[in-house]
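Working notes for the structure below.
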Amino acid sequence: QLHLVESGGGLVRPGESLRLSCTDSGFELRYYAVGWFRQAPGKEREGVSCINNSDHNNNTFYTDSVKGRFTIFRDNAKNTASLQMNDLRLEDTAVYSCAAAPYCGTNWKSRQYSSWGQGTQVTVSP
């Protein structure tokens, strides 16, 4: 299991941007696919995006509501997988967590992830 840590959350206004980053202390993140999930108060956890490792061509996946606004990418030299979030909306407010799996797959939203971070709060408010 990886020890994942997220960073970059905060309070922003609608239309602004944030970048979340996920890293692991063991420098093994590059070998895993990384998913980003979010959970808003009173709602179920939702898959936001997933990026494969280089064995799977770093393929990326997005949930429909963030396509064109969010970009997932990884920097293996820095041992990070990041989520660039632009044009944030009120409904993007949630705790965002990263998770690791062998690969994303077409069922990336529902597949089992072996490691999870503690999460970082993103609040979008006027």
query = What are the two closest heavy atoms between Asn52 and Cys104, and how far apart are they?
reply = OD1-N, 2.7 Å

key: Heavy-atom closest pair, residues Ser82 and Trp36   = C-NE1, 4.0 Å

query = Taking only residues at least two apart or on different chains, which pairs with a member in residues 17-46 satisfy disulfide (SG to SG under 2.5 Å)?
reply =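 Those involving residues 17-46 are Cys22-Cys98.
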
ask   = Among all residues two or more places apart in sequence or in another chain, which pass the ring-ring contact (aromatic ring centres under 6.0 Å, His included) test with Tyr113?
value =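 So Tyr113 forms a ring-ring contact (aromatic ring centres under 6.0 Å, His included) with Phe37, Trp116.
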
inquiry  = Once ring-ring contact (aromatic ring centres under 6.0 Å, His included) is applied, do any residues pair with His56, and if so which ones, sequence neighbours excluded?
reply    =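 If we apply the ring-ring contact (aromatic ring centres under 6.0 Å, His included) test to His56, skipping adjacent residues, the hits are Tyr103.
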
query = How long is the span from the CD1 atom in Ile72 to the CG atom in Leu20, to the nearest 0.5 Å?
reply = 10.0 Å

ask   = For the atom pair CG (Asn58) and CG (Asn53), what is the distance rounded to the nearest 0.5 Å?
value =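 One finds 7.0 Å between CG of Asn58 and CG of Asn53.
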
task = Report whether Leu2 and Val5 are members of the same hydrophobic cluster (ILVMFWY, side-chain heavy atoms less than 4.5 Å apart, transitive linking).
result =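 No, separate clusters.
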
inquiry  = Hydrophobic clustering (ILVMFWY, side-chain heavy atoms < 4.5 Å, transitive) - are Leu11 and Leu83 grouped together?
reply    = no

key: Summary of salt bridge (Lys or Arg N to Asp or Glu O under 4.0 Å) pairs that have at least one residue in residues 72-88, sequence neighbours excluded   =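 Residue pairs passing salt bridge (Lys or Arg N to Asp or Glu O under 4.0 Å), neighbours aside: none found.
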
note = residues 31-59 vs salt bridge (Lys or Arg N to Asp or Glu O under 4.0 Å), sequence neighbours excluded, gives Arg38-Glu46, Arg38-Asp92

query = So Thr71 and Tyr62, side-chain contact (heavy atoms from CB on, under 4.5 Å) or not? Walk me through it.
reply = CA-CA 8 Å; Thr71 302; Tyr62 298 93; 3.9 Å; yes

task = Mind running side-chain contact (heavy atoms from CB on, under 4.5 Å) on Ser54 and Arg30 for me, showing each step along the way?
result = CA-CA 8 Å; Ser54 58; Arg30 69 186 65 196; over 6 Å; no

query = Which other residues belong to the hydrophobic cluster containing Val95, where Ile, Leu, Val, Met, Phe, Trp and Tyr are joined when side-chain heavy atoms lie under 4.5 Å apart, directly or via other members?
reply =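 In the cluster with Val95 there is nothing else; it is isolated.
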
task = Would you please name every residue forming a salt bridge (Lys or Arg N to Asp or Glu O under 4.0 Å) with Asp64, sequence neighbours left out?
result =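 With sequence neighbours excluded, Asp64 shows a salt bridge (Lys or Arg N to Asp or Glu O under 4.0 Å) to Lys67, given in chain and number order.
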
request  = Taking side chain to side chain contact (heavy atoms under 4.5 Å, CB included) as the test, write out the residues that go with Ser7, two or more places apart.
outcome  =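 Scan of Ser7 (side chain to side chain contact (heavy atoms under 4.5 Å, CB included), adjacent residues dropped) gives Ser21.
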
request  = Using side chain to side chain contact (heavy atoms under 4.5 Å, CB included) as the criterion, list what pairs up with Tyr31, not counting sequence neighbours.
outcome  =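 Residues passing side chain to side chain contact (heavy atoms under 4.5 Å, CB included) with Tyr31: Glu28.
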
task = List the steps, then state whether side-chain contact (heavy atoms from CB on, under 4.5 Å) holds for Gln84 with Phe73.
result = CA-CA 8 Å; Gln84 177 66 39; Phe73 60 97; 4.1 Å; yes

request  = Taking the side chain as every heavy atom from C-beta outward, state whether Met85 and Ser49 have any pair of such atoms under 4.5 Å apart.
outcome  =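 No, too far: nothing below the 4.5 Å cut-off.
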
task = With side-chain contact (heavy atoms from CB on, under 4.5 Å) as the test, would you mind laying out the steps for Phe70 and Leu18 before giving the verdict?
result = CA-CA 10 Å; Phe70 291 10; Leu18 278 176; over 6 Å; no

For Ser114, all residues meeting side-chain hydrogen bond (donor to acceptor under 3.5 Å, both in side chains), sequence neighbours excluded =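 For Ser114, no residue satisfies side-chain hydrogen bond (donor to acceptor under 3.5 Å, both in side chains) once neighbours in sequence are set aside.
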
message = Applying side-chain hydrogen bond (donor to acceptor under 3.5 Å, both in side chains), can you list everything that pairs with Thr93, at least two apart in sequence or on another chain?
response =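 Per chain and number, Thr93 pairs via side-chain hydrogen bond (donor to acceptor under 3.5 Å, both in side chains) with no residue.
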
Output a table of donor-acceptor pairs, distance under 3.5 Å, between side-chain atoms of residues 117-126 and any protein atom two or more places apart or on a different chain; print 'none' if there are none.
from: Thr120; atom 1: OG1; to: Gly9; atom 2: N; distance (Å): 3.2
from: Gln121; atom 1: NE2; to: Ala94; atom 2: O; distance (Å): 3.4
from: Gln121; atom 1: NE2; to: Thr123; atom 2: OG1; distance (Å): 3.2

key: Among Val34, Leu4, Leu29, Asp24, side-chain contact (heavy atoms from CB on, under 4.5 Å) partner for Ser115   =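 Running side-chain contact (heavy atoms from CB on, under 4.5 Å) over Val34, Leu4, Leu29, Asp24 with Ser115 returns exactly one hit, Leu4.
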
